[in-house]
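The analysis underlying the following values was restricted to heavy atoms, covering all of them including side chains, and did not include hydrogens, waters or symmetry mates.
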Amino acid sequence: MKKTIITVVGNDTVGIIAKVCTYLAEQNVNILDITQTIVQGYFNMMMVTDTTACEKDNGALSRELSALGDEIGVVIRCQDEDIFNKMHRI
């Protein structure tokens with residue numbers, strides 16, 4: 001399984017989850033785990049996904065998610081699980 005961590009952060013607006021999840025479904029990305037919170041109007045979502053069936057590499061997926069984030073007014077980051085773990089190891 002090829003796991004990818006996707007984070008979404010920004011001002012809360014209607015449709016953020018729907019737009020991100022629709023894009024992921026279109027790319028054959030399976031959401032394994034998802035958490036989201038809204039704190040004083042700020043939206044924060046983290047997803048653990050399986051990108052095994054996705055035909056795009058993480059670079060292309062990351063660029064397209066970033067562009068989607070620009071469209072809807074949030075910042076979307078996409079990282080391979082191994083890189084995410086190494087960056088957050090203390």
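At a threshold of 4.5 Å between side-chain heavy atoms, the hydrophobic network of Ile, Leu, Val, Met, Phe, Trp and Tyr places V20 and I17 in one connected group. The same ILVMFWY cluster, assembled from side-chain heavy atoms under 4.5 Å apart, contains both L65 and V74. Taking hydrophobic clusters as Ile, Leu, Val, Met, Phe, Trp and Tyr residues chained together by side-chain heavy-atom distances below 4.5 Å, I72 shares a cluster with I31. A single hydrophobic cluster is seen to contain both L24 and I76, as judged by linkage of ILVMFWY side chains at heavy-atom distances under 4.5 Å, directly or through other members. In the hydrophobic cluster analysis, where Ile, Leu, Val, Met, Phe, Trp and Tyr join through side-chain heavy atoms closer than 4.5 angstrom, M1 is grouped apart from V29.
To the nearest 0.5 angstrom, C21 atom SG is 11.5 Å from E26 atom CD.
S66 contributes no side-chain N or O that, together with a main-chain N or O of S62, makes up a donor-acceptor pair within less than 3.5 Å.
Within the hydrophobic cluster formed by Ile, Leu, Val, Met, Phe, Trp and Tyr side chains joined at under 4.5 Å, directly or through other members, V75 stands alone, with no partner residue.
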Please tabulate, one pair per line, all N/O donor-acceptor pairs under 3.5 Å involving side-chain atoms of residues 32-57, not counting sequence neighbours.
unit_1	atom_1	unit_2	atom_2	d
T49	OG1	T4	O	2.9
D50	OD1	T52	N	2.9
D50	OD1	T52	OG1	2.5
T51	OG1	K2	O	3.1
T51	OG1	T4	OG1	3.1
T52	OG1	K2	N	3.0
K56	NZ	Q27	OE1	3.3
K56	NZ	E64	OE1	2.6
K56	NZ	E64	OE2	2.8
D57	OD1	G59	N	3.1
D57	OD1	A60	N	2.8

